[in-house]
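For reference, the structure discussed in these notes is given below.
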2 protein chains.
Amino acid sequence: MLFSKTMRHKTVTIRDVAKRAGVGVSTVSYVLNGHNDHVSPATRDLILTAARELNYRPNAIARSMVKRQTATIGLIITELQNALFIPVTEGVEEVLQPEGYHILLASAGDATSEVNAIETMRAQQVDGFIIMSLSMRFPVDHLLQLRDAGIPFVVINRDLNSNEISQIRLDEDSAGRMATEHLISLGHTRIATITGPLSNDPLIRRQSAFGRYQGWRSTLEEHGLPISEHWILDGHYTFEGGYQAGLKLASRIKKRSGPPTACFVASDMMAVGALKALHDAGLQVPDDLAVVTIGDPPFAAYTIPALTTLEMPIAEAGRIAARMVVESLKAKKPLDPQCITLGFKLRIRESCGARG
Amino acid sequence: MLFSKTMRHKTVTIRDVAKRAGVGVSTVSYVLNGHNDHVSPATRDLILTAARELNYRPNAIARSMVKRQTATIGLIITELQNALFIPVTEGVEEVLQPEGYHILLASAGDATSEVNAIETMRAQQVDGFIIMSLSMRFPVDHLLQLRDAGIPFVVINRDLNSNEISQIRLDEDSAGRMATEHLISLGHTRIATITGPLSNDPLIRRQSAFGRYQGWRSTLEEHGLPISEHWILDGHYTFEGGYQAGLKLASRIKKRSGPPTACFVASDMMAVGALKALHDAGLQVPDDLAVVTIGDPPFAAYTIPALTTLEMPIAEAGRIAARMVVESLKAKKPLDPQCITLGFKLRIRESCGARG
DNA sequence: TTGAAAGCGCTAACAC
DNA sequence: GTGTTAGCGCTTTCAA
């Protein structure tokens, strides 16, 4: 260490480096930014050693100040507790980091705090936004405002019927269809469903829940298969909700009055709950009830039985979103609004039986 | 909207507000920062309306520039995929957000990228750091350097034998002991363990794995209970590792040559794997083998059987860490290094039998 | 009670 | 090739 303890709070600036190297600040700036074409190798070395000797550390804030960009992207998540948080963040980081962008993170569970988070981050001068939501209905005004401000951003997993906003959606309807088709292809004709929150309360209702449910319903209708209202159970997208729904299903099966032989469970958490309920009720999966679900968490292969499920392309959504805003930033062109819809992939394991 | 589309990129500055209100910039600054004592209510109103009319948005970057602090904390995580990521982040955000601090997020899986991440964030002028690790052995030099720079930071869950660095540790040893004691209190005398990576390779080895293993071992020794080397299986802290270890345990149990009747599984992921292995082998938990584990993920109550486990105080660690660095920042005093050790809490469910 | 002015550390014309 | 200089938008003495 070159510094005594007493000096350590004095920040070394580009001016100090310039002085020590006996050159002007702009030359230092050029070298530090790799604009070597304009600088002779000799001065270059001079500057580099001076910087090293002084333990110089460029101040990115000052740089942002003049360049008027921060190389920082705001990542807003509606719920940290949500399992999707990990994969999006992974995807986002994976593309942002090599591009030299940083992530400013905030969680915002409702519309008000989302507005606040965006406002704060705009104050922090983030260059763009990635907003990962829970597919609830949210007001859209503040997003349009963002767009008007020319700040690139993309919304993942929200139900927006605006074509002025870039968004990445998951094809929930076709997920419901794929799951149901899978069950039908296995010979099932009596198929129940455990849904996410279908409430009309916009604060609770999840669009994904509705989409998945619709997919299930349409598929049964198209195949001319029976739909019993008793076979539609709301599991609230929670473990416990899935458990309770599973219990109801189990009692129905035990009564043997034309019970379902299969069930489409709209989320992995609910599926885990349902599996336990069925087990607790003394029923066998898949023999008494085949189960297919959505979401492929790490534990899906280790439940009893292992879950046949539709993998959600969440990390991919994160990657795409990140790429979109980075592209826009690099091209210095506004992000022209597009809606990308991502599909799900079937992972066959045990919960629908050995054949699939 | 007051602006036409063409003007929307012209940023409104404090000077514009001052001009419009017919006052000096300093007065505007006072008002905007709530230093109302020095300003007459009349001018105050003037300024506030001017700001509103211009849709003025303060530039936090410029502010940071002069105040030389950013109200931003760097959060460095060794592995986004790790389940602990969610609870720490939650804890950290919970205390940081109301204090007006922001989170700059980065993942860094090895020592080199940790050094890089810290360097980048220092360039970004973060005010402090929270470093959440995987309890591997990491070099400590860059941390000491951070400390010398007077930047407050705390390290969570790393095995540092430096008393110059603030850290929050989990009492892994006593977790191992508690788990084992629980099994013993239930009458078990033949107790196996599935451990985390115990390898001597510092890149793989986890200190937590070692601590938990030691806790198990010491407890058995103190009780004069037998320890068979065959009862120590490395499950690598993964689902699959737990599964494989579970399979081995199962074959040992079936041979009936003095098999273990209980097992301390050092992580919840491994426990889930082991549960499945035991099930696949046709064995019953807890009847054929009681299982106690560490980590209380949301699904723990819904495995078959539900996991009796030791809850890790990870969110609490995040909260404490965040509080520590915020305190230090507010007091403008260096964080005096302390090592806080957090304990685990027993959650009794089904995997050790109805009695516990 | 208010305003003018001097920076915070850096980049990028613009001169030489 | 290299140095001088004018800001980026804000806070904060210091005078008035």
Side-chain angles (χ1 to χ4, degrees), chain A residues 9-48 50-51 54-72 100 120 122-127 332, chain B residues 9-48 50-51 54-72 100 120 122-127 332:
Chain A
H9 285 299
K10 167 115 194 59
T11 43
V12 180
T13 76
I14 198 173
R15 234 175 285 271
D16 298 319
V17 178
K19 203 167 296 170
R20 182 169 186 109
V23 300
V25 286
S26 59
T27 312
V28 177
S29 178
Y30 287 142
V31 171
L32 262 28
N33 289 294
H35 300 185
N36 289 319
D37 358 341
H38 293 280
V39 185
S40 80
T43 37
R44 204 187 91 95
D45 281 1
L46 224 55
I47 289 167
L48 257 21
L54 290 171
N55 193 21
Y56 171 70
R57 206 183 299 278
N59 183 331
I61 285 293
R63 185 171 208 270
S64 302
M65 180 94 235
V66 14
K67 301 210 69 159
R68 317 179 93 238
Q69 43 180 336
T70 53
T72 299
T120 316
R122 282 185 71 172
Q124 296 282 331
Q125 311 298 117
V126 298
D127 294 340
K332 293 179 205 286
Chain B
H9 286 298
K10 169 112 193 61
T11 42
V12 180
T13 76
I14 198 173
R15 233 174 286 270
D16 298 320
V17 178
K19 205 166 294 169
R20 183 171 186 107
V23 301
V25 285
S26 58
T27 312
V28 177
S29 178
Y30 288 141
V31 172
L32 262 28
N33 290 294
H35 301 185
N36 290 321
D37 358 342
H38 293 279
V39 184
S40 79
T43 35
R44 204 189 88 97
D45 280 0
L46 224 53
I47 288 167
L48 257 20
L54 290 173
N55 192 21
Y56 171 69
R57 206 184 299 278
N59 182 330
I61 286 293
R63 184 169 208 272
S64 301
M65 179 93 235
V66 13
K67 303 210 67 161
R68 316 178 94 240
Q69 44 178 335
T70 52
T72 299
T120 317
R122 283 186 71 172
Q124 296 283 332
Q125 312 299 115
V126 298
D127 293 342
K332 292 181 206 288

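Note on naming: letters A, B, ... go to the chains in the order of the sequence lines (proteins, then strands), and numbering restarts at 1 for each one. When reading the values below, keep in mind they use all heavy atoms of this one structure, side chains included, and skip hydrogens, waters and symmetry mates.
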Using only side-chain N and O atoms of [X], determine if any of them is under 4.0 Å from OP1 or OP2 of [N].
X       : N      : value
B:Arg68 : C:dC8  : no
A:Asn33 : C:dT11 : yes
B:Ser40 : C:dT2  : yes

When you compare the side chains of [X] and [Y], does any donor N or O come within less than 3.5 Å of an acceptor on the partner?
X       : Y       : value
B:Arg63 : B:Asn33 : yes
B:Ser29 : B:Ser26 : no
A:Thr11 : B:Arg68 : yes

I'd like to check the side chain to side chain contact (heavy atoms under 4.5 Å, CB included) partners of A:Arg122; sequence neighbours left out, ordered by chain and number.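 Checked A:Arg122 against side chain to side chain contact (heavy atoms under 4.5 Å, CB included); matches are A:Ile118, A:Phe129, A:Leu146, A:Ala149, A:Ile151, B:Arg57.
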
State which residues pass side chain to side chain contact (heavy atoms under 4.5 Å, CB included) with A:Asp45; sequence neighbours excluded, sorted by chain then number.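 A:Asp45 satisfies side chain to side chain contact (heavy atoms under 4.5 Å, CB included) with no residue once adjacent residues are dropped.
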
For a 4.5 angstrom cut-off between non-hydrogen side-chain atoms, does A:Tyr56 reach A:Val28?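 No, side chains not in contact.
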
Nearest-Å distance for atom pair NZ/C1', residues B:Lys19 and C:dA4: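 Computing the B:Lys19:NZ to C:dA4:C1' distance gives 14 Å.
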
Heavy-atom contact window of chain B on DNA chain D, given 5' to 3' at under 4.0 Å: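 Going 5' to 3' along DNA chain D, contacts run D:dG9 to D:dT13.
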
Given that B:Ala60 and A:Arg44 both sit by DNA chain D, which one's nearest nucleotide is further toward the 5' end?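 Comparing both residues, the 5'-ward one is A:Arg44.
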
Regarding A:Thr43, tell me which of base, sugar-phosphate or nothing describes its non-hydrogen contacts under 4.0 Å with the strands shown.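 It contacts sugar-phosphate atoms only.
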
Distance-only check: which donor-acceptor pairs under 3.5 Å involve side-chain atoms of residues 15-25 of chain B, not counting sequence neighbours?
unit_1	atom_1	unit_2	atom_2	d
B:Asp16	OD2	B:Thr13	N	2.8
B:Arg20	NE	B:Glu53	OE1	2.7
B:Arg20	NH2	B:Glu53	OE1	2.9

I need the residues from residues 20-32 of chain A with at least one non-hydrogen atom less than 4.0 Å from DNA chain C; give them sorted by number, or say none.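 Those residues whose heavy atoms fall under 4.0 Å from DNA chain C, taken from residues 20-32 of chain A in numerical order, are A:Ser26, A:Ser29, A:Tyr30.
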
Take the C1' atoms of the five end pairs on each side of the helix from C:dT1-D:dA16 to C:dC16-D:dG1, get both axes, and report the angle to 10 degrees.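 If I round to tens, the end axes sit 40° apart.
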
